[in-house]
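What follows is one structure encoded as structure tokens, with my remarks underneath.
Quick note on labels: first sequence line is chain A, next is B, and so on, each numbered from 1.
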Amino acid sequence: MDLPKQYDPSTVEERLYRRWEENGYFHEEPDPARPPFIICMPPPNVTGRAHLGHGSTYTPMDVLVRYHRMRGNNADWLPGLDHAAIATEAVVIKDLAREGVTRDDLGREGFVERAWDWSRTYGGAIESQFRVLGFGPDWQRSRFTMDEGLSAAVRSLFVRLYREGRIYRGRRLVNWDPRGQTTVSDAEVDRVERDATLWHVAYPLRDDSRRNIVIATTRPETILGDVAIAVHPDDERYAGLVGSHVLVPPLLDRAIPIVADAAVDRTFGTGAVKVTPAHDATDYDIGTRHALPMPSILDQQARITGAEIAVGPYDGMDRYEARMRIVEDLQRDGRLVKEEAHRMSLAVSERTGDTIEPMLSLQWFVRMDELAKPALDAYHNGQLRFIPERYGRTYEQWLENIRDWNISRQLWWGHRLPVWYAPDGTPVVAETEEEAREIAMRDFGTDVLVRDPDTLDTWFSSGIWPFSILGWPETTTELQCWYPSQVLVTGGDIVFLWVARMVMLGLHVMGELPFPDVFVPPLVFDAQGRKMSKSLGNAIDPMELAKQYGADAFRMGILRQMRLEGQEIRFVESRCEEARNFNNKIWNATRYLLTLAEGLPGARILPKTQSLTIADRWILTRLRDTILAVESAYDRYDFGSAADALWRFVWYEFCDWYVEATKIEDNRPTRAAVLSFVWNNAMRLLHPIEPFITEEVWLAIPHDGKTIMTATWPDPEEVPVDRDAAAAFESVQRAAERLRNLRAEMGLQPRTPLTLETPANVPAAAAALLGHFAVAAIEPAPAAGDTLEDALAALRARAPRELLEARYTKDLMRLDGEVERLERKLSNEAFVAKAAPDVVAKERAKLEGYRLEQKSVQSALDALTDSVA
RNA sequence: GGGCGGUUAGCUCAGUGGGAGAGCACUUCCCUGACACGGAAGGGGUCAUUGGUUCAAUCCCAAUACCGCCCACCA
């Protein structure tokens with residue numbers, strides 16, 4: 001066996017992944033005989049590319065599924081892609097623009113065809129990126145939200161909710177994205193801080209034009225749609241004016257009332273606010289409360305329109321042009337009282353970046369209050385659990401303040417509403433056009449129908465993901481065995497956008513929570529705590545990291561930065577480099593195993609317990625502890641702890657101490673079996689995190705089975721434990737460290753031949769180990785029967801006086817400090833009286849230990865000075 | 001305006017009611033029969049500030065400061 005000195009992941013990972021996939025190791029069939037472990041992958045956008053966030057959310061899923069598969073569970077990770085209406089439509093439009101074609105040139109059918117082409121050709125590139133990262137979902141079951149099956153599920157859900165009266169059509173205020181030409185959900189609106197101007201405008205009283213009421217606004221163009229002025233009911237400044245009317249400048253062609261409403265903030269601006277219900281959410285509420293008219297003054301291009309109310313010369317102007325013209329006109333008329341700088345948060349479309357215009361529009365909505373209640377109950381009674389817990393409060397807060405969900409989008413790419421309109425405009429809702437015609441024939445005596453052009457919000461299809469991918473509404477075996485899944489893993493930013501909706505729809509449609517646990521991994525930021533973004537230029541491509549360090553190292557690198565309660569990872573690339581080094585360590589330890597002269601026995605054969613040395617017993621004890629630690633960490637979603645525990649075991653315990661110990665004569669008879677056994681177990685423990693190198697190593701050492709993927713998870717009961725031996729070994733470690741410390745301080749050459757007899761108080765097997773690490777000559781050799789301390793003393797005796805003096809003085813200072821601290825503590829009556837007895841006893845023992853040490857160092861120091869004198 | 005995190009070594013972060021930790025970086029030594037992507041030894045911190053609880057606080061509580069996240073109808 002001639003293995004290269006350096007592990008090269010590029011020659012391993014692709015080959016192994018292909019083997020796994022070709023052999024169907026990721027695939028699983030429903031098996032009611034075994035406990036299920038199902039994770040529905042949050043479907044990435046079909047337009048998406050892998051980014052570091054996938055490292056923190058998708059790696060844990062892969063780890064969990066691999067772990068549960070090894071435990072013998074019916075484990076499957078169900079993948080898929082989201083059609084991502086807005087993103088895809090934007091990409092296709094951009095594509096078309098290069099050819100000088102617009103969406104409308106193409107027409108709806110052609111455009112949708114084009115979007116399909118794009119999705120099939122370029123879409124889903126992220127799936128091959130996931131393969132590079134070692135993610136192993138059940139690709140054979142991959143679904144696309146636009147697939148016929150899932151589309152049928154969407155139609156079925158819509159019809160069902162409509163017939164239950166939970167879906168309705170209404171004129172409501174929605175977020176309009178003028179650039180995207182569509183409505184946008186609240187959750188897809190970003191708030192950005194902007195410097196703006198606050199204009200103070202005087203509205204003259206209708207019945208006394210010499211008197212004014214002054215309001216403050218950042219959006220003068222909306223004055224055209226004003227229907228009232230509102231003041232706070234308790235505001236004495238305006239108490240006398242409530243009920244009177246003012247004229248709307250600059251046109252002064254109509255009068256509006258002054259109303260009192262508690263929504264008004266008396267401290268802001270002038271304490272009086274203009275009310276434009278058609279273009280502002282607060283105003284809309286005020287308008288509803290006071291039964292005010294709600295004229296729109298903006299069209300879909302965000303131009304001023306006189307369609308519903310007279311807008312004078314501003315008709316047809318762009319919103320910003322109208323704003324400036326109106327300001328000029330107000331100034332000309334002397335109605336602009338004041339202009340001040342104002343910092344405000346502006347609503348911006350997450351996708352297009354355009355300023356959102358709240359607009360009244362006829363849209364489809366889902367009534368949420370009744371759906372939200374069971375979803376809240378499930379959280380309150382503990383059936384639904386968030387990890388970390390604080391995300392539960394986000395969920396709770398959102399559901400408690402839930403508003404009806406606008407589900408219609410003015411896009412072409414997506415699930416078209418299963419809604420047709422009769423000639424009189426009455427909607428007919430049905431799963432198919434045939435069914436719709438039948439209904440129309442029956443109810444209206446006509447089958448002339450026009451289909452609603454809108455498509456559904458992407459989250460409408462994502463909301464039923466946990467059961468639509470299992471074949472719902474058909475009753476499939478998958479649905480019966482694999483719903484609900486065991487855990488949902490997703491980013492904290494979509495707890496309400498997605499999680500809450502899946503819970504509501506799962507409870508409503510399936511009658512059962514889609515998952516009991518929601519694990520929210522931290523978000524990934526750069527080392528300065530800034531969000532990673534292309535525009536900032538600080539985005540790190542996981543593909544690059546995988547190429548440079550290996551996918552295993554990327555996974556390990558990011559998992560080691562995860563903390564259970566953390567809400568962010570400040571990603572440090574050097575962690576991936578460290579992990580690459582870690583893998584190289586694994587590789588070379590394997591080389592050592594494979595070059596042992598005696599060869600490795602079978603995977604699971606341990607020598608008789610009596611023949612095990614203390615080093616053997618120690619590493620086996622540590623192995624058992626590590627198995628338990630890793631299991632517990634995975635079960636708690638504490639991936640950082642699992643990674644740390646494995647790191648420590650593999651590198652610092654197995655490689656640094658045990659492998660070294662096996663080079664000692666005494667350990668030779670048992671070492672091959674113990675090395676083989678421990679390394680085989682270690683690879684299985686590590687496999688979920690680092691799938692590739694563990695497979696490569698596992699296949700190279702004695703093993704059972706075809707792939708580590710389906711090897712059994714290590715059983716702690718199979719690993720013998722000997723705490724006393726482990727403790728003895730640890731004291732040898734401490735002694736070895738003391739020896740090495742002396743050697744280093746004395747500047748002894750490491751290769752000076754060693755003669756160190758077995759100290760009387762050190763077990764034989766350990767003595768050799770000590771000698772191996774001490775690597776320093778002691779002359780004359782201590783006599784047999786001397787203690788370890790004698791040996792150390794003999795070593796010290798050869799050191800230069802100055803060095804020893806400095807060393808002793810330093811030790812003494814430290815010991816003096818400890819002794820003084822403990823003496824003070826123990827002479828404190830309150831401490832002795834009130835502290836727990838075992839604590840007091842422990843402190844006393846510590847003090848005694850320090851005093852003894854102090855005395856011996858002191859006398860050594862004295863002897864040193866005496867000998868000089 | 002509400003809610004929630006964080007502040008520990010130069011950097012990124014663990015951790016505990018009773019002697020401050022890891023990795024990287026740094027200093028020194030070493031290619032010792034797997035590994036220089038390595039081994040060994042070492043230096044380095046008033047655990048943000050103030051007050052409280054306690055025999056005892058880096059840890060529990062409160063306030064403050066700074067950093068960050070989420071929610072919200074200050075036009």
Side-chain angles (χ1 to χ4, degrees), chain A residues 3 5-7 191 198-199 215-219 222 230 263-270 272-276 280-286 342 344-345 358 388 390-391 393-394 397-398 401 492-493 495-496 523 525 527 529-531 549 553 560-561 563 565-572 574-575 577-597 640-641 644 647-648 652 655-656 659-660 663 736-737 740-745 747-751 772-773 775 814 817-818 821-822 825 828-836 839-840 842-843 846 850:
Chain A
L3 297 171
K5 277 168 90 166
Q6 285 197 353
Y7 175 65
R191 292 276 168 176
L198 192 58
W199 286 279
I215 58 90
T217 182
T218 53
R219 301 174 59 205
T222 63
V264 178
D265 179 356
R266 277 174 283 182
T267 62
F268 188 88
T270 62
V273 60
K274 63 189 232 32
V275 180
T276 321
D280 183 275
T282 311
D283 292 6
Y284 178 82
D285 292 342
I286 296 175
H342 176 59
M344 64 177 288
S345 75
R390 67 189 123 85
Y391 289 100
R393 289 190 284 276
T394 306
Q397 230 175 43
W398 189 75
N401 301 307
D493 49 342
V495 162
F496 31 84
L523 292 168
F525 293 89
R530 297 173 307 177
K531 211 164 188 166
Y549 307 112
R560 275 215 320 145
Q561 295 181 60
R563 290 302 145 193
E565 289 296 323
Q567 66 181 1
E568 65 172 44
I569 293 175
R570 296 200 174 186
F571 187 81
V572 186
S574 64
R575 286 302 183 98
E577 190 182 337
E578 291 163 30
R580 179 203 59 187
N581 297 350
F582 175 74
N583 291 338
N584 201 50
K585 194 76 181 173
I586 290 175
W587 186 246
N588 280 291
T590 307
R591 288 178 63 212
Y592 172 76
L593 260 71
L594 294 175
T595 51
L596 283 181
S641 296
D644 278 349
W647 192 283
R648 192 179 333 114
Y652 306 124
C655 292
D656 284 354
V659 167
E660 291 308 314
K663 293 172 182 171
E737 280 163 1
R740 291 194 294 220
N741 170 283
L742 266 174
R743 189 210 71 200
E745 291 203 336
L748 289 182
Q749 281 305 304
R751 272 171 300 167
H772 187 76
F773 291 121
V775 202
R814 178 179 58 88
E818 296 289 7
R821 189 179 57 79
L822 286 170
K825 191 171 199 175
N828 180 349
E829 283 170 29
F831 170 71
V832 181
K834 296 195 180 181
V839 170
V840 179
K842 228 168 86 189
E843 297 295 300
K846 273 196 279 188
Y850 285 132

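To the nearest angstrom, P of B:G33 lies 14 Å from CG of A:Asn588. One can place CZ of A:Phe525 at 12 Å from C1' of B:G5, the figure rounded to the nearest angstrom. Atoms NZ (A:Lys834) and C1' (B:U53) sit 12 Å apart, rounded to a whole Å. In this structure, A:Phe496 atom CZ and B:C4 atom C1' are separated by 13 Å, rounded to whole Å. If you take CZ of A:Arg570 and P of B:C13, they are 5 Å apart, rounded to a whole angstrom. In this structure, A:Ile586 atom CD1 and B:C35 atom P are separated by 16 Å, rounded to whole Å. Atom-to-atom, CD of A:Glu577 to C1' of B:G38 comes out at 14 Å; the value is rounded to the nearest Å. Remark: P of B:C35 and CG of A:Asp656 are 14 Å apart, rounded to the nearest angstrom.
Heavy atoms of A:Thr218 sit under 4.0 angstrom from primed sugar atoms or phosphate atoms, though from no base atom. Using a 4.0 Å heavy-atom criterion, one finds that A:Val832 contacts no nucleic acid atom at all. Here A:Lys274 lies out of heavy-atom contact (under 4.0 Å) with every strand. Using a 4.0 Å heavy-atom cutoff across all strands shown, A:Arg821 reaches sugar-phosphate atoms only and no base atom. Heavy atoms of A:Val273 sit under 4.0 angstrom from at least one base atom. Across all strands, A:Arg580 comes closer than 4.0 Å to base atoms (heavy-atom distances). Residue contacts shown for A:Arg563 are limited to sugar-phosphate atoms, with no base heavy atom under 4.0 Å away. A:Tyr652 comes within 4.0 angstrom of sugar-phosphate atoms only, judged by non-hydrogen atoms across all strands, and of no base. Looking at heavy-atom distances under 4.0 Å, A:Asp285 makes no contact with the nucleic acid at all.
B:C47 makes up no base pair with any nucleotide shown, lacking Watson-Crick or G-U wobble contacts both under 3.5 Å. Taking a pair to require two hydrogen-bonding distances under 3.5 Å in either a Watson-Crick or a G-U wobble arrangement, B:C4 pairs with B:G68. In this structure, B:A40 and B:U28 make a Watson-Crick or G-U wobble pair, each of the two defining distances being under 3.5 angstrom. In this entry B:A22 has B:U12 as its Watson-Crick or G-U wobble partner, both defining distances falling under 3.5 Å. The partner of B:A34, taking Watson-Crick or G-U wobble pairs whose two distances both stay under 3.5 Å, does not exist in any strand shown.
No N or O donor and acceptor, one from the side chain of A:Lys5 and one from the base of B:A36, sit under 3.5 Å apart. A donor-acceptor contact under 3.5 Å links the side chain of A:Glu660 to the base of B:A34.
By the 4.5 Å heavy-atom criterion applied to side chains, A:Ile586 and A:Phe582 are counted as neighbours. Using a 4.5 Å cut-off on side-chain heavy atoms (C-beta onward), A:Tyr592 and A:Leu596 make contact. Between A:Ile215 and A:Val273, the closest side-chain pair of non-hydrogen atoms is not below 4.5 Å. Within the 4.5 Å cutoff, side-chain heavy atoms of A:Asp656 are placed close to those of A:Lys585.
Of the listed nucleotides (B:G18, B:A75, B:G23), B:A75 has the atom at the smallest distance from the side chain of A:Phe268. Proximity note for A:Lys585 (side chain, C-beta onward) versus B:G18, B:A75, B:C35: the nearest is B:C35. Looking at the side chain of A:Asn584, the nearest of the listed nucleotides B:C24, B:G18, B:C35 is B:C35. In this structure, of B:G18, B:C67, B:G2, it is B:G2 that holds the atom nearest to the side chain of A:Gln397. Checking B:A34, B:G18, B:C55 against every side-chain atom of A:Val839, the shortest atom distance belongs to B:G18. Distances were taken from every side-chain heavy atom of A:Phe831 (C-beta onward) to each of B:C4, B:C69, B:G18; the shortest belongs to B:G18.
The existence of a salt bridge linking A:Arg570 and A:Glu568 is confirmed by a sub-4.0 Å separation between a basic side-chain nitrogen and an acidic carboxylate oxygen.
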Review point. Do A:Asp280 and A:Thr222 pass the side chain to side chain contact (heavy atoms under 4.5 Å, CB included) test, and can you show the C-alpha distance, the side-chain angles, and the key distance before you say yes or no?
Key: CA-CA 9 Å; A:Asp280 183 275; A:Thr222 63; over 6 Å; no
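Neither OP1 nor OP2 of B:A72 sits under 4.0 Å from any side-chain N or O of A:Asn401. Under 4.0 angstrom from either OP1 or OP2 of B:C74 there lies no side-chain N or O belonging to A:His342.
A gap of 27 Å separates the P atoms of B:A62 and B:U46, to the nearest Å. B:U28 and B:G43 are spaced 10 Å apart, taking the C1' atom of each and rounding to whole Å. Comparing B:A41 with B:G5, their C1' atoms sit 40 Å apart, to the nearest whole Å. Only the P atoms considered, B:A36 is 45 Å distant from B:C59, to the nearest whole Å. For B:U53 and B:C61, the P atoms lie 15 Å apart once the distance is rounded to whole Å. Nucleotides B:A34 and B:G39 are separated by 13 Å at their P atoms, to the nearest Å. Comparing the P positions of B:G10 and B:C4 gives an interatomic distance of 32 Å, to the nearest angstrom. Atom name P, nucleotides B:G1 and B:U8: the rounded distance is 27 Å, in whole Å.
Distance alone, capped at 3.5 Å, places no donor-acceptor pair between the A:Asn584 side chain and the A:Arg580 backbone.
Using cut-offs of 30° and 60° for the angle between ring planes, the A:Tyr7 and A:Trp587 rings count as tilted.
Along RNA chain B, the nucleotide nearest A:Arg575 and the nucleotide nearest A:Ala589 are compared for position; the residue whose nucleotide lies closer to the 5' end is A:Arg575. Both A:Leu523 and A:Arg393 lie close to RNA chain B; mapped to their nearest nucleotides by heavy-atom distance, the more 5′-ward contact belongs to A:Arg393.
Using a 3.5 Å distance cut-off with no hydrogens or angles, the side chains of A:Arg591 and A:Asn588 do pair a donor with an acceptor.
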